[in-house]
Novice: 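Following this message is one structure expressed as structure tokens.
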Amino acid sequence: MSSNPYESLPGAVGSPPQHYGNPLGEQRLLAEGKAVVSLADRGVITVSGPDRLSWLDSLTSQALKGLQPGESTETLQLDPTGRVEFAIRLVDDGETAWLLVDGSETAGLLAWLLKMRFMLQVEITDVSDRYTTIGSLGLPVTNAAVVWNDPWNAVARGGHQYSGRSDYDWNYSESLVPSGVERVETETQPAAGTIALEALRIAAWRPRLATEVDERSIPHELDWLRSAVHLSKGCYRGQETVAKVHNLGHPPRRLVMLHLDGATPAPGTPVKLGDAEVGRVTSAAMHFELGPIALAVVKRSVDPAADLVVTVDDEAIAAAQEVIVPTDAGAEANVPRLPRLGAVTR
């Protein structure tokens, strides 16, 4: 029998459970703050010691030195060319920084942090086997040791939003519960599956490393400057690309939400304009109000009004764009172009 009590509930399908037999009903309960989601496949790394916040600040995209106990934030670890390698959900309790990550990131992030420790006073520990992550929207988890509140609802200090959206309706949190004492209260805290959470995340335009990021992704393409990047903090790896694209250039691709006239495509499904492939679906779900929706990364040059198509089971499905990152994102510095040598100006 599974040690995760959520997997022992009637109708549970998958590990962690994808649903309990009624994905749309579970989704509604989750959106109303009446259910929780077991995310037992997520990873948790702790960083303790007096240098922990200044050290993490120097390595990643968010300003962390002044983080207050209990304050939640998000930060990215970028490669030297500004491409996203790790996405970290972070909360500090005054003594320890808790780094919450997708399970597939844990080993790689741990190895990288250990390699970057040098002589600083920090202790880095993988505690994934000691805690289970429970997701919820507006519903407190009473037996939580640590709670991370997603900052996605508002633009973080030092961040920048490319989308024109003002209401994200995403009061999401992840609670760490000591493994072995997870409690399922089927009446006061009914369970929802991960399918329900994914649908609500997509509707909130919330990027996730495991789905929206590939080997070419930079934060601008996913509107991730709004929550995970401080544009005026000190030097960190990848900062030059972040500043250059934001101030002088444009991201080569952009995130869109697709409203689908039919079935939901699998992640990786090509998005086409006519016969030309212009992007790929990153995640898709059936929303209890919006119907079939998806997130996709497409070329920046694609006309937002263009009729796009995805193929599901050999059937062409119309896909209408809802703009997240606009085609003119970037170039915020408004630097005037210098006239060409020898050009006549009046």
Side-chain angles (χ1 to χ4, degrees), residues 59-62 74-89 101-109 111-112 152 159-163 198 201-202 205-231 235-258 265-284 294-304 306 308-311 319 321-332:
L59 297 175
T60 65
S61 61
Q62 187 57 273
E74 181 180 30
T75 190
L76 304 174
Q77 189 268 313
L78 308 176
D79 75 5
T81 62
R83 291 175 170 83
V84 178
E85 291 192 334
F86 298 106
I88 303 165
R89 304 179 292 282
V101 296
D102 290 344
S104 58
E105 292 181 72
T106 310
L109 178 60
W112 185 76
W152 185 249
H160 183 90
Q161 176 175 306
Y162 288 136
S163 82
E198 275 293 277
R201 179 188 68 82
I202 291 168
W205 301 354
R206 200 351 169 171
R208 181 183 171 199
L209 185 134
T211 51
E212 276 62 60
V213 172
D214 62 21
E215 69 281 356
R216 295 186 292 152
S217 298
I218 60 175
H220 319 64
E221 297 175 332
L222 307 175
D223 207 19
W224 229 337
L225 300 185
R226 72 187 312 277
S227 64
V229 177
H230 195 290
L231 288 167
C235 184
Y236 59 93
R237 193 165 76 164
Q239 182 188 25
E240 183 178 358
T241 296
V242 169
K244 186 178 294 184
V245 173
H246 178 65
N247 292 317
L248 302 176
H250 300 284
R253 302 180 300 174
R254 58 187 183 87
L255 186 68
V256 299
M257 188 166 89
L258 300 178
T269 298
V271 178
K272 292 188 174 182
L273 176 57
D275 294 329
E277 182 177 325
V278 296
R280 288 188 176 266
V281 171
T282 58
S283 49
L295 292 177
V297 174
V298 301
K299 295 178 180 178
R300 181 177 70 89
S301 59
V302 174
D303 182 351
L308 303 179
V309 171
V310 298
T311 300
Q321 297 178 68
E322 187 170 358
V323 174
I324 299 177
V325 177
T327 57
D328 62 351
E332 294 291 328

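The figures here come from the full heavy-atom set of this structure, side chains too, leaving out hydrogens, waters and symmetry mates.
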Novice: Minimum heavy-atom separation for P270 to V310, with atom names?
Specialist: O-CG1, 3.8 Å

Novice: Do V271 and V309 pass the side-chain contact (heavy atoms from CB on, under 4.5 Å) test, and can you show the C-alpha distance, the side-chain angles, and the key distance before you say yes or no?
Specialist: CA-CA 6 Å; V271 178; V309 171; over 6 Å; no

Novice: So V281 and L295, do their side chains get closer than 4.5 Å, heavy atoms only?
Specialist: no

Novice: Looking only at heavy atoms, which two atoms of G108 and F86 are closest? And how far apart?
Specialist: C-CZ, 3.4 Å

Novice: Taking all non-hydrogen atoms of both residues, which atom of L258 and which atom of L308 are closest, and how far apart?
Specialist: CD2-CD1, 4.3 Å

Novice: Quick one: do L78 and Y236 satisfy side-chain contact (heavy atoms from CB on, under 4.5 Å)? Show the steps, please.
Specialist: CA-CA 9 Å; L78 308 176; Y236 59 93; 4.0 Å; yes

Novice: Is there a side-chain contact between H250 and R300, using heavy atoms and a 4.5 Å cut-off?
Specialist: yes

Novice: Check for a donor-acceptor pair, side chain of T75 on one end and backbone N or O of I88 on the other, with a separation under 3.5 Å.
Specialist: no

Novice: Under 4.0 Å between a Lys/Arg side-chain N and an Asp/Glu carboxylate O for E277 and K272?
Specialist: no

Novice: Is there side-chain contact between H220 and L225, with at least one heavy-atom pair below 4.5 Å?
Specialist: yes

Novice: If you apply the rule side-chain contact (heavy atoms from CB on, under 4.5 Å), what do you find for R201 with T211, and how did you get there?
Specialist: CA-CA 11 Å; R201 179 188 68 82; T211 51; 3.3 Å; yes

Novice: Quick one: pull up CZ in R83 and CG in D214 and give me the separation to the nearest 0.5 Å.
Specialist: 9.5 Å

Novice: Counting heavy atoms not belonging to E240, are there more than 12 under 6.0 Å from its CD?
Specialist: no

Novice: Which pair of heavy atoms, one from L76 and one from A228, lies closest together, and at what distance?
Specialist: CG-CB, 3.7 Å

Novice: Let's go through Q161 and D223 carefully: what are the C-alpha distance in whole Å and the side-chain angles of both, what is the deciding distance for side-chain contact (heavy atoms from CB on, under 4.5 Å) to 0.1 Å, and is it a yes or a no?
Specialist: CA-CA 6 Å; Q161 176 175 306; D223 207 19; 3.8 Å; yes

Novice: Please examine the side chains of S61 and Q77, heavy atoms only from C-beta on, and report whether any two atoms are closer than 4.5 Å.
Specialist: no

Novice: Does this structure show an ion pair linking D328 with R254, if we count only N-O contacts that are shorter than 4.0 Å?
Specialist: no

Novice: With rounding to the nearest 0.5 angstrom, report the CG to CD distance, L231 to Q239.
Specialist: 9.0 Å

Novice: So does E74 pair up with R206, basic N to acidic O under 4.0 Å?
Specialist: yes

Novice: Is the shortest side-chain heavy-atom distance between K244 and T241 below 4.5 Å?
Specialist: no

Novice: Is there a donor in the side chain of T81 and an acceptor in the side chain of D79, or the other way round, less than 3.5 Å apart?
Specialist: yes

Novice: Do I218 and P252 come within less than 4.5 Å of each other through their side chains, counting heavy atoms only?
Specialist: yes

Novice: Mind checking whether H246 and Y162 have parallel, tilted or perpendicular rings, split at 30° and 60°?
Specialist: tilted

Novice: List the atom of V101, the atom of A87, and the distance in Å for their closest heavy-atom pair.
Specialist: CG1-O, 3.7 Å

Novice: Measuring from atom CG of D102 to atom CG of L209, what distance do you get when rounded to the nearest 0.5 angstrom?
Specialist: 6.5 Å

Novice: So, E85 and R237, do they make that salt bridge, N to O below 4.0 Å?
Specialist: yes

Novice: Would you call D303 and Q321 a side-chain contact if the rule is heavy atoms closer than 4.5 Å?
Specialist: no

Novice: Say whether S283 and E212, considering side chains only, have a donor N or O and an acceptor N or O under 3.5 Å apart.
Specialist: yes

Novice: Would you indicate whether the side-chain heavy atoms of V213 and W224 approach each other to under 4.5 Å?
Specialist: yes

Novice: Is R253 reaching over with its side chain to a backbone N or O of V297, donor-acceptor style, under 3.5 angstrom?
Specialist: no

Novice: Is any NZ, NE, NH1 or NH2 atom of the basic residue among R216 and E221 found under 4.0 Å from an Asp or Glu carboxylate oxygen of the other?
Specialist: no

Novice: Looking at every heavy atom in both A284 and A294, which two are closest together, and how far apart are they?
Specialist: CB-CB, 3.7 Å

